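Heads up, the thing below is written out as structure tokens.
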2 protein chains.
Amino acid sequence: MKRPLIRKLEKFTRLSRADKEMLVRIAAQRIRRFAAREDIIHEGEKPEFINLVSEGWACRYKTLEDGRRQIIAFFLPGDLCDLNVFILKEMDHSIGAVTPVVVSEISRAAFDEMMIGHPRITQALWWESLVAAAIQREWTVNLGQRDALERMAHLLCELFIRLEAAGCTSDHSCEFPLTQTELGETLGMSTVHVNRTLQELRASNLIVLKDRTLTIPNLKALQDIALFNPNYLHLDREGSHLDANEE
Amino acid sequence: MKRPLIRKLEKFTRLSRADKEMLVRIAAQRIRRFAAREDIIHEGEKPEFINLVSEGWACRYKTLEDGRRQIIAFFLPGDLCDLNVFILKEMDHSIGAVTPVVVSEISRAAFDEMMIGHPRITQALWWESLVAAAIQREWTVNLGQRDALERMAHLLCELFIRLEAAGCTSDHSCEFPLTQTELGETLGMSTVHVNRTLQELRASNLIVLKDRTLTIPNLKALQDIALFNPNYLHLDREGSHLDANEE
DNA sequence: CGTCCCCTTGAATGAAGTCAATACGCGTGG
DNA sequence: CCACGCGTATTGACTTCATTCAAGGGGACG
């Protein structure tokens, strides 16, 4: 349950003891806590840090002039906001806490230090950011091509598998703090239709969702109706040829 | 019209003569041509190069098992496919030519060399890739929140402004090679509805689209109905404080 | 001259949104 | 302890936007 970032990065490569200590140290440098619904950084601000979510769920979102809101991404424990953001003059979107969250702020200096002294971490972080981009692309496919039922099923599959990689699941269950309104803002559908879609998944015994806990009795079955192909998450230790000898 | 990449990067930072020569040299190393509709790289392959589109339009796309296709991104002249892709074991999507295209393949070695000797270019390329990510996010918003008319208008605004940055527009017009089927695969709507939506934009005098040429007589008006905010393209010379003294 | 691809149009159908009412759990304060 | 308010979930009836089906038109090319 601890150190979800390390756990996740090790899906890609093996990290040395020194690498891990570095990551722990960096994550401890500057810690901030946010209440649910609070903004971590708001559109228009100048980004000064890379944010690492170590506990809780956060999300990226954008609001249109007329108030419509789209959730663009979820940050689960161990997830990083964009590397290199400090290159941009201002945020073009906001990042908000979904649940109460604990965030580590990584300064540009700390990041550069890590890039220089720890090539294995550097590699793993680029992998992380390529996966994040792949997830964003898959969301485009999801919104563009899948109908409501498939879309919902796909999101649930993705979140569950990502939580698993971060060590945040037990058996077939995980905490699931999203409200139906938030699901709607994520999947581009009305709350009413979110509700009906969830009912349909429940009726088919594909999910149990109750008291902020999600259970997926048969992940394969849910994947099938979602046309879910996990390849875009690149969770198959592709960097294993880089394994460190030390440990 | 030449060297759209350089032209685009200079929207972000000023490049020295040596930087530009480097870019020209890199782009000339390994050139490939593709016919319209041909695949540049296909899902499942191992990416070995960073592709730079120097002429023509290409697209990223994904196909679901049942044949539905979603276009995930367009590559216009001067656009690069993901930096660092070689970290991944295999492509989770395909890249195809929309029109006949000319592509420069950039090897890992050439890329690393550039990263070391040309910090200004490095910075500019990270900017490029952050902008590409921002575009992908905006597409998520587009598909999730906007209705057909807004969605179409938004895409047209984005493409026009990006073409402008690459030096591929003249006055209020640009070449526009996409078929209505491709627009549908991009915007997640049926061809029939694409057709009707275009008609509606034409009837409001917001666009002229004929013979593969798009004219936007009043970009501001089109932006308004699209709820288009160009901030996500980060085209405002944010790196100008980094301007080189040399030229 | 026929074929193929792309664009266009009409009519019928369907998926998802809107509106509105109700229910439920939970915390607060009387 | 109970009443109240608030946010969230649920349900039904109706509407609207978009898809599907089907047919026809036009241009490029062999």
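Everything numeric in this text was worked out from a predicted model, so none of it was measured. Just so we're on the same page: letters track the sequence lines, and every chain starts at 1.
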Legend entry - Stepwise salt bridge (charged side-chain N to carboxylate O under 4.0 Å, His left out) check, A:D224 with A:K220: CA-CA 6 Å; A:D224 283 349; A:K220 177 68 172 59; 2.9 Å; yes
Legend entry - Range on DNA chain D touched by chain A - first to last nucleotide, heavy-atom distance under 4.0 Å: D:dT8 to D:dA13
Inset, instruction - Would you indicate what B:R68 reaches in the nucleic acid, counting non-hydrogen atoms under 4.0 angstrom: base, sugar-phosphate, or nothing? - result: nothing
Inset, instruction - Scan A:R202 against the nucleic acid and name what it touches under 4.0 Å (heavy atoms): base, sugar-phosphate only, or nothing. - result: sugar-phosphate
Legend entry - Salt bridge present between A:E150 and B:R68 (N-O < 4.0 angstrom): yes
Inset, instruction - Specify the residue among A:R151 and B:V192 whose closest nucleotide of DNA chain C lies further upstream toward the 5′ end. - result: B:V192
Per-pair distances, 0.1 Å, donor-acceptor, side chain in residues 203-217 of chain A, under 3.5 Å, sequence neighbours excluded:
from, atom 1, to, atom 2, distance (Å)
A:S204, OG, A:E200, O, 2.9
A:T213, OG1, A:D211, O, 3.4
A:T215, OG1, A:S173, OG, 2.8

Legend entry - More than 12 heavy atoms of other groups within 6.0 Å of A:R33 CZ: no
Legend entry - For the student: nearest non-hydrogen atoms of B:M91 and B:H42, plus distance: CB-O, 3.9 Å
Inset, instruction - Under 4.0 Å between any heavy atoms, over every strand shown, what does A:S190 touch: base, sugar-phosphate, or nothing? Just pick one. - result: base
Legend entry - Neighbour count >12 (heavy atoms, 6.0 Å) for atom CD, B:E175: no
Legend entry - B:V194 side chain reached by B:L187 side chain, heavy atoms, under 4.5 Å: no
Inset, instruction - Using chain B heavy atoms and a threshold of under 4.0 Å, write down where along DNA chain C the contacts begin and end, 5' to 3'. - result: C:dC6 to C:dA11
Inset, instruction - Describe the nucleic acid contact of A:G188 in one word from base, sugar-phosphate, nothing, applying a heavy-atom distance below 4.0 Å. - result: sugar-phosphate
Legend entry - B:E43 and B:R60 ion-paired at < 4.0 Å: no
